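A short write-up of the structure that comes next.
Note that this is a predicted model, so its numbers are computed, not measured. Reminder, nothing fancy here: chain letters follow the sequence lines and each chain counts from 1.
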Amino acid sequence: MTEILIAAIFTDNLALSFFLGICTFLAVSQRLSTALGLGLSVIVVQSITVPVNALIHQYLLAPGALGWAGLPQVDLGFLRIIVFIGVIAAMVQLLELLLDRFVPALHRALGVFLPLITVNCAILGGSLFMVERRYDLVKAIAWGVGSGAGWALAIVTFAAIRERLRYSDMPQGLQGLGSAFIVTGLMSLGFAGFGGLVR
Amino acid sequence: MRLSRHLTDPLIRSNPVTLQILGICSALAVTTSLVTALTMCAALIFVLCVASGLISAIRRHIPQSIRLILQITIIATLVIVIDEVLRAYAYEISQRLSIFVGLIVTNCIVLGRAESFAMHHPVWPSVLDGLGNALGYSLVLVVVATIRELLGSGTLLGLPLLPTTTEGGWFVPLRLMQLAPSAFFIIGLMIWAIRAARPEQVEHPDHRLVGHETGAGP
């Protein structure tokens, strides 16, 4: 279980080795403080949605999962994509309501990011990977927390680098997006160095 | 003439990937070989054209408050269709594409075009706009995949082009090209090339250092 957690943060980093959530990664990394807020929201949402989707997959969608309802032949696997996106959207909405009601300070800090997260492919990708790799509930929790933390680590580091990069003098065509890609590539190369950390 | 603009504009001038950073999320992971990239492009072209057409056709009947849910449902349905078709007729490729066909649902190009174009335009221009944006995305994907497959394993579409040293040739495959960082580097350099050719796309920094350039403000 710790292997999955460590691997999800470092070697299997969603942003840097699977290119997931790169759109948001590039768009919301201008400032360290906003990147931190988004990173935290991703950890929270990922740690909730992956286990919930794992349960739904285990008891409703997997081949033979409806055995408890007397329908062992039914395979609803094809509904996975649409159900997962629905669960993610519902969870984000729910989280927003709960935060607004009970922790208004946190809601003010994370509020703007939560809707963005619904269409972040790192979140949907996390759930789809969980199914593809056949994780059970415990492994799914580890994977959810780890992959969220890995994504957050990547965006916070990247934002910190970018804040410094703003004052550098580079060729005109590279300013902004071009340099962002090159820096992400270098970070991805750095994270590739973690390979072999987990067997 | 004006109709064809919807098709040709997104190819390079307002390319969704290099100018608007849309939709690269799931795309780059499939560029290690040209076959997977082409399959992904075909899937995206289908989803984007049909989704734009459908959403545009019912745009007057969509209540404003639930339009995002409707759009995502339409897109997800189309993605499921293409995913199942690939599983049925191209099983091996669908295994190599892994989860990335499914991730077309959250590809920002699809939802972005639906929301910003198809909701306000008739069916035919919407389909063309979808096709143009899908082709602009495909162009980037195909270029990246060609470079990565050719330099990473000396083949193109699986056919050996550069004889590798393991088979008695002269070409030493670059392992880096098969790894994730190379895709970022290639896109970064591509953006640089496009912006060198089209200076109007250059982003200007929000802060300018005094004394770096003549005529720069305080």
(Q) If you count heavy atoms of other groups shown closer than 6.0 angstrom to CD of Q95(B), is the number above 12? (A)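 Yes, because the 6.0 Å sphere around CD of Q95(B) holds more than 12 heavy atoms from other groups.
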Q: Using a cut-off of 6.0 Å, state whether more than 12 heavy atoms not belonging to L55(A) lie near its atom CG.
A: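 Enclosed.
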What part of [X] gets closer than 4.5 Å to chain A, counting heavy atoms only: side chain, backbone, both or neither?
{"X": "S182(B)", "answer": "neither"}
{"X": "L111(B)", "answer": "side chain"}
{"X": "I72(B)", "answer": "side chain"}
{"X": "I186(B)", "answer": "neither"}
{"X": "L179(B)", "answer": "neither"}

Q | Stepwise side-chain contact (heavy atoms from CB on, under 4.5 Å) test for T106(B) and I123(A) | A | CA-CA 10 Å; T106(B) 51; I123(A) 307 288; over 6 Å; no
Q. Where do F184(B) and L189(A) land on the side-chain contact (heavy atoms from CB on, under 4.5 Å) test, with the steps shown first?
A. CA-CA 10 Å; F184(B) 288 115; L189(A) 204 57; over 6 Å; no
Give the member of [options] that has the highest number of heavy-atom pairs under 4.5 Å with chain B.
{"options": "L186(A), L16(A), N120(A)", "result": "L186(A)"}
{"options": "S188(A), G86(A), P171(A), A89(A)", "result": "S188(A)"}
{"options": "G176(A), A15(A), G190(A)", "result": "G176(A)"}

Q: Please state whether the side chain, the backbone, both or neither of A122(A) comes within less than 4.5 Å of a heavy atom of chain B.
A: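 Neither part; nothing is under 4.5 Å.
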Q: Side chain from CB out, backbone as N, CA, C, O: work out which of these in L128(A) comes under 4.5 Å of a heavy atom of chain B, or both, or neither.
A: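 Contact with chain B is through both the backbone and side chain of L128(A).
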Gap between atom [atom2] of [Y] and atom [atom1] of [X] - 0.5 Å precision:
{"X": "E84(B)", "Y": "I81(A)", "atom1": "CD", "atom2": "CD1", "result": "8.0 Å"}
{"X": "L124(A)", "Y": "N107(B)", "atom1": "CG", "atom2": "CG", "result": "11.5 Å"}
{"X": "I82(A)", "Y": "I80(B)", "atom1": "CD1", "atom2": "CD1", "result": "5.0 Å"}
{"X": "I104(B)", "Y": "C121(A)", "atom1": "CD1", "atom2": "SG", "result": "11.5 Å"}
{"X": "I99(B)", "Y": "F18(A)", "atom1": "CD1", "atom2": "CZ", "result": "8.0 Å"}
{"X": "W192(B)", "Y": "L174(A)", "atom1": "CH2", "atom2": "CG", "result": "4.5 Å"}

Q: Report yes if the distance between the aromatic ring centroids of F19(A) and F100(B) is under 6.0 Å, otherwise no.
A: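 Not under 6.0 Å, so no.
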Q: Might you point out which heavy atoms bring Q175(A) and R195(B) nearest each other, and give the distance in Å?
A: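 For Q175(A) versus R195(B), the nearest heavy atoms are O-NH1, 3.6 Å.
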**Q.** Test side-chain contact (heavy atoms from CB on, under 4.5 Å) applied to I182(A) and I187(B), L189(B), I191(B), the passing residue
**A.**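 The residue from I187(B), L189(B), I191(B) that satisfies side-chain contact (heavy atoms from CB on, under 4.5 Å) with I182(A) turns out to be L189(B).
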